[in-house]
Amino acid sequence: MPACEQQRVDDIEDIIGSNDVTPVERYGNKSEVVPKVRLRKKSKRDVDRRTQPASATTNSLSTQDLQDEVNCNKSIIPGTQKIYVKTWGCSHNNSDGEYMAGQLAAYGYKITGNQEEADLWLLNSCTVKNPAEDHFRNDVKHAQRLGKHLVVAGCVPQGQPKLGYIGGISVVGVQQIDRVVEVVEETLKGHTVRLLKQKKHEGKKIGGAPLDLPKIRKNPLIEILAINTGCLNQCTYCKTKHARGELGSYQPEELVERARQSFQEGVCEIWLTSEDTGAYGRDIGVTITELLWQLVEVIPEGCRMRIGMTNPPYILEHLEEMAKILQHPRVYSFLHVPVQAGSDNVLLDMKREYSIDDFRHVVDFLRERVPGITIATDIICGFPTETEEDFEETMSLVEHYKFPSLFINQFFPRPGTPAAKMPQVPAQAKKARTKKISTLFQSYRPYDHKLGQRQQVLVTEVSHDKQYYVAHNKYYDQVLVPKKEEYMGKMMEVIIVETGKHFLKGQLVGDEADVITPSIAQPLAHGQISGIPHILQTPEPPESWSWLTITMAIVVGTFLLDLARILVYHLLYTRT
């Protein structure tokens with residue numbers, strides 16, 4: 001099998017504009033800035049001074065002392081440094097990371113993938129699983145060992161701001177990503193800034209930072225659009241709730257406008273994401289299906305939209321409309337509906353607020369109304385109250401539906417959650433159950449019946465082994481196609497010539513003339529900033545020509561011109 005296993009994406013404007021932070025707002029937040037006190041170690045020279053006469057002490061304030069004073073008070077010009085940005089976790093987190101990188105680049109900072117050359121690291125964390133937080137912690141410590149300026153963001157510091165290993169480190173809260181430039185600016189000056197408040201309108205929580213902020217998409221062909229933040233559940237194992245909080249939805253018109261702008265920038269695929277897309281709008285009197293119909297209207301022909309994860313309770317009442325939307329030619333017939341366990345007893349202890357019959361109804365209804373639909377789901381193995389009998393019910397559920405996309409997770413107790421306080425299933429039992437259900441998943445091949453089919457696919461990515469381009473058909477199956485540059489970002493018809501456990505392989509039907517170009521505009525180049533007119537950008541923005549540098553050049557030029565005028569006037573005046 002090619003090294004191209006299915007990517008596992010967990011679902012869980014201008015430079016100076018009217019929405020920018022004003023000086024009053026900027027300096028009004030000084031109460032949130034905590035300066036670092038830097039104590040200089042006493043040198044031998046300091047000790048010697050105490051024993052020398054006053055005249056000797058005065059004379060000893062020589063070149064070295066002056067140099068120390070200069071270094072201590074050296075000015076830092078914001079917008080000229082290199083920033084390393086790293087994100088863990090779900091598509092929502094990735095969207096936040098793209099927004100933060102875009103704002104920093106628009107201000108003039110250079111985004112770099114080189115850790116060593118970076119002046120500051122921005123680490124955007126995930127709190128869903130222990131391993132993700134472990135990687136984050138390791139990178140925090142690594143940055144500190146290298147002496148890098150450091151800003152942390154994402155769900156870990158938002159949910160646990162008093163964690164010991166992030167003490168004294170600047171934090172950008174999950175709803176404060178529009179202020180990342182301020183935080184970076186102050187951090188580079190040696191200050192610690194922590195912005196963790198929720199955004200509210202008229203006392204009510206909203207979706208978060210504005211959607212029209214500059215952004216650098218990891219993939220210029222894909223727009224990740226967060227439609228809401230937080231959720232309505234109280235799952236006993238979930239740490240994300242501590243960070244993202246209660247439901248806060250964006251207004252439909254804001255989301256439609258962001259989608260329209262994305263397509264105008266050459267995007268051909270849009271992902272809707274949130275902690276629970278099905279719960280969208282319940283806080284603002286709108287339903288998820290109402291939003292989806294509005295979005296469908298602005299999707300150009302040949303482009304497609306993927307609907308993100310939705311929990312069973314919030315889709316049950318919308319099944320009829322959801323089936324119609326998922327059949328639309330510009331919407332993937334794909335839905336991620338996590339079940340987590342096949343036992344009602346375990347679901348009750350998890351506080352999932354649905355039964356197995358509810359989940360079965362969702363899957364059966366959509367499979368009947370949307371032929372060929374892909375239903376992806378999640379399983380947690382070894383929840384504290386899960387017995388062997390409960391686990392066998394989960395095995396039976398997977399055996400019955402043979403989900404083509406199954407995310408299997410061994411239970412990790414997350415600090416501060418009710419499940420962490422329950423008696424735990426022995427580690428060996430959790431591992432055994434995880435292995436058993438993984439073996440079951442590997443035992444069936446969900447795509448063999450598609451061999452020889454003709455399918456329309458949209459090419460958007462490169463395979464892990466770099467040998468193929470990755471496209472997706474109407475059902476969001478992964479289809480490998482030849483790696484030809486002219487295919488990227490295009491819709492085309494292929495015939496399936498090979499099937500695997502996680503992929504299909506396709507060959508173009510007809511000739512190159514049959515490739516359809518869905519984009520209504522040329523896609524942005526890698527690293528190019530969304531929301532900034534292309535004319536203001538170069539493919540590789542030189543560090544020396546950031547907007548701040550240009551402004552400074554104008555100021556210096558004006559000063560020199562005035563100085564020249566004064567000198568000329570002085571010469572003429574003295575001669576007369």
Examine distances only and state if a side-chain atom of Thr374 and a backbone atom of Tyr475 form a donor-acceptor pair shorter than 3.5 Å.
yes
Can you see which heavy atom on Ile284 is nearest to which on Ser249, and at what distance?
CD1-CB, 3.9 Å
Is it true that a side-chain atom of Thr112 and a backbone atom of Ala118 form a donor plus acceptor pair closer than 3.5 Å?
no
Between Lys430 and Glu386 (salt bridge meaning N to carboxylate O under 4.0 Å), is one present in this structure?
no
Could you check whether Arg137 pairs with Asp134 (Lys NZ or Arg NE/NH1/NH2 to Asp/Glu carboxylate O, under 4.0 Å)?
yes
Under the side chain to side chain donor-acceptor pair (under 3.5 Å) test, residues paired with Gln175 that sit two or more places apart
none
Cationic N near anionic O, under 4.0 Å, Glu133 to Lys239:
no
Would you say Gln144's side chain and Leu150's backbone share a donor-acceptor pair under 3.5 angstrom?
no
Under 3.5 Å, is there a donor-acceptor pair between the Tyr237 and Asp349 side chains?
no
Please check: side-chain N/O of Gln424 versus main-chain N/O of Met422, any donor-acceptor pairing under 3.5 Å?
yes
One pair to check against side-chain contact (heavy atoms from CB on, under 4.5 Å): Arg194 and Ile166. What are the steps and the verdict?
CA-CA 11 Å; Arg194 294 195 156 209; Ile166 60 171; 4.1 Å; yes
For the pair Val174 and His92, evaluate side-chain contact (heavy atoms from CB on, under 4.5 Å) and give the outcome as yes or no after the intermediate values.
CA-CA 10 Å; Val174 295; His92 194 167; over 6 Å; no
Under the side-chain contact (heavy atoms from CB on, under 4.5 Å) rule, what do Met322 and Thr310 come out as? Steps first, then yes or no, please.
CA-CA 11 Å; Met322 283 298 299; Thr310 179; 5.9 Å; no
Shortest non-hydrogen contact from Ser95 to Ile224?
OG-O, 3.2 Å
Thr277 (side chain) donor-acceptor with Met309 (main chain) under 3.5 angstrom:
yes
State, to 0.1 Å, how close Ile408 and Ile437 come at their nearest heavy-atom pair, and which atoms those are.
CG2-CG2, 3.6 Å
For Gln478 and Val470, which heavy atoms make the closest approach, and how far apart are they?
CG-CG1, 3.5 Å
Short side-chain to backbone donor-acceptor contact, Tyr468 and Val479, under 3.5 Å:
no
What pairs meet the ring-ring contact (aromatic ring centres under 6.0 Å, His included) rule with one or both residues in residues 368-395, with sequence neighbours excluded?
Phe383-Phe411
Are any side-chain N or O atoms of Asp96 and backbone N or O atoms of Gly154, one a donor and one an acceptor, separated by less than 3.5 Å?
no
Mind checking the NE2-CG spacing from His336 to Asn311? Nearest 0.5 Å is all I need.
8.5 Å
Sidechain N-carboxylate O distance under 4.0 Å for Lys402, Asp448:
no
Ion pair Glu392/Lys436, N-O distance below 4.0 Å
yes
Please determine whether a side-chain nitrogen of the Lys or Arg among Glu223 and Arg258 lies less than 4.0 Å from a carboxylate oxygen of the Asp or Glu.
yes
Any idea how His472 and Tyr476 line up, ring-wise: parallel (<30°), tilted (30 to 60°), or perpendicular (>60°)?
parallel
Any side-chain donor near an acceptor of the partner, Lys474 and Ser333, under 3.5 Å:
yes
Note, Ile288 side chain near Ile227 side chain (heavy atom, < 4.5 Å):
yes
Does the plane of the ring in His502 sit parallel, tilted or perpendicular to the ring in Phe441? Use 30° and 60° as the thresholds.
tilted
Thinking salt bridges, do Arg217 and Glu98 make one under a 4.0 Å N-O criterion?
no
Where Tyr165 and Val156 come nearest, the two heavy atoms and their spacing
OH-CG1, 3.6 Å
Could you tell me whether the side chain of Lys162 and the main chain of Gly167 form a donor-acceptor pair under 3.5 Å?
no
Taking everything shown except Glu485 itself, do over 12 heavy atoms lie less than 6.0 Å from its CD?
no
I need the minimum non-hydrogen distance between Leu196 and Gln176, along with the two atoms involved.
N-CG, 4.4 Å
Does Arg330 use its side chain to pair, donor to acceptor, with the backbone of Ile299 at less than 3.5 Å?
yes
Is it true that the side chains of Thr387 and Asp390 contain a donor and an acceptor less than 3.5 Å apart?
yes
Got a donor-acceptor contact below 3.5 angstrom from the Tyr280 side chain to the Tyr250 backbone?
yes
Under-4.0 Å salt bridge between Asp283 and Lys205
no
Any Lys/Arg nitrogen of Arg454 or Glu493 sitting under 4.0 Å from an Asp/Glu carboxylate oxygen of the other?
yes
